[in-house]
Amino acid sequence: QVHLKESGGGSVQAGGSLKLSCAVSGSKYSRDCIGWFRQAPGKEREGVAVIYGGSGRIYYADSVKGRFTISHDNTKNALYLQMNSLEPEDTAMYYCAVDFGSKYTDFPTPLLPDYEYNFWGQGTQVTVSS
């Protein structure tokens with residue numbers, strides 16, 4: 001069983017930074033796909049960033065490219081999302097997710113769709129004010 005717990009959300013002004021953390025238990029990073037998603041009120045959940053553990057490939061949504069960085073610390077079994085130059089449009093609930101034992105080392109979209117993930121955290125709120 002995989003357990004995920006996010007932390008690090010909060011309220012910041014536009015242009016500020018936040019670093020989200022996701023404590024992961026039960027996941028073997030080298031064989032799993034791990035990612036960050038977000039969902040704003042009234043909007044669909046969208047993929048933000050992904051690491052394909054089997055290949056090491058990393059991808060970002062166009063809306064966050066150049067501002068957000070996803071990383072993983074094997075020693076702490078934690079996933080991170082460093083968010084810089086935050087914009088009000090980044091306001092959302094942020095979730096980490098794992099595709100346990102993933103068969104994917106890449107994907108055509110290329111962010112792995114949310115329906116492929118089988119474990120999710122509870123989410124952490126990020127609010128960016130203008």
Item checked: Verdict with supporting geometry, I34 and Y117, side chain to side chain contact (heavy atoms under 4.5 Å, CB included) -> CA-CA 8 Å; I34 51 178; Y117 290 84; 5.8 Å; no
Checklist line | Ring-ring centroid check W120 F37, cutoff 6.0 Å | finding: yes
Next item on the list: Take S17 and N84 through the side chain to side chain donor-acceptor pair (under 3.5 Å) test and state the conclusion after the steps.
Entry: CA-CA 4 Å; S17 298; N84 298 328; 3.0 Å; yes
Without swapping roles, check the side chain of [X] against the backbone of [Y] for a donor-acceptor pair under 3.5 Å.
{"X": "W36", "Y": "L79", "answer": "no"}
{"X": "D32", "Y": "G101", "answer": "yes"}
{"X": "Y52", "Y": "L112", "answer": "yes"}
{"X": "N77", "Y": "N74", "answer": "no"}
{"X": "E6", "Y": "Q122", "answer": "yes"}

Check whether any side-chain heavy atom of [X] sits under 4.5 Å from a side-chain heavy atom of [Y], and report yes or no.
{"X": "L86", "Y": "F68", "value": "yes"}
{"X": "I70", "Y": "Y80", "value": "no"}
{"X": "M83", "Y": "V126", "value": "yes"}
{"X": "R57", "Y": "T105", "value": "yes"}

Under a 3.5 Å cutoff, is there a donor and acceptor pairing between the side chains of [X] and [Y]?
{"X": "D106", "Y": "Y59", "value": "yes"}
{"X": "Q39", "Y": "Y95", "value": "no"}
{"X": "Y94", "Y": "R38", "value": "yes"}

Point-to-point distance, once rounded to the nearest 0.5 Å, from [atom1] of [X] to [atom2] of [Y]:
{"X": "S102", "Y": "E116", "atom1": "OG", "atom2": "CD", "answer": "7.5 Å"}
{"X": "T127", "Y": "Q13", "atom1": "OG1", "atom2": "CD", "answer": "13.0 Å"}
{"X": "K5", "Y": "S25", "atom1": "NZ", "atom2": "OG", "answer": "11.5 Å"}

Checklist line | Derivation of the side chain to side chain contact (heavy atoms under 4.5 Å, CB included) call for M93 and R45 | finding: CA-CA 9 Å; M93 186 72 78; R45 185 165 55 192; over 6 Å; no
Where is the tightest heavy-atom contact between [X] and [Y], given as atom of each residue plus distance?
{"X": "A49", "Y": "L81", "result": "CB-CD1, 4.4 Å"}
{"X": "L20", "Y": "T124", "result": "CD2-CG2, 3.9 Å"}
{"X": "L111", "Y": "G47", "result": "CD1-O, 3.6 Å"}
{"X": "D99", "Y": "K103", "result": "OD2-N, 4.4 Å"}
{"X": "V50", "Y": "C33", "result": "CG2-SG, 3.3 Å"}
{"X": "G26", "Y": "F100", "result": "O-CE1, 3.1 Å"}

Check: Please walk me through it: do H3 and Q1 pass side chain to side chain contact (heavy atoms under 4.5 Å, CB included)?
Finding: CA-CA 7 Å; H3 294 282; Q1 188 75 1; 3.5 Å; yes
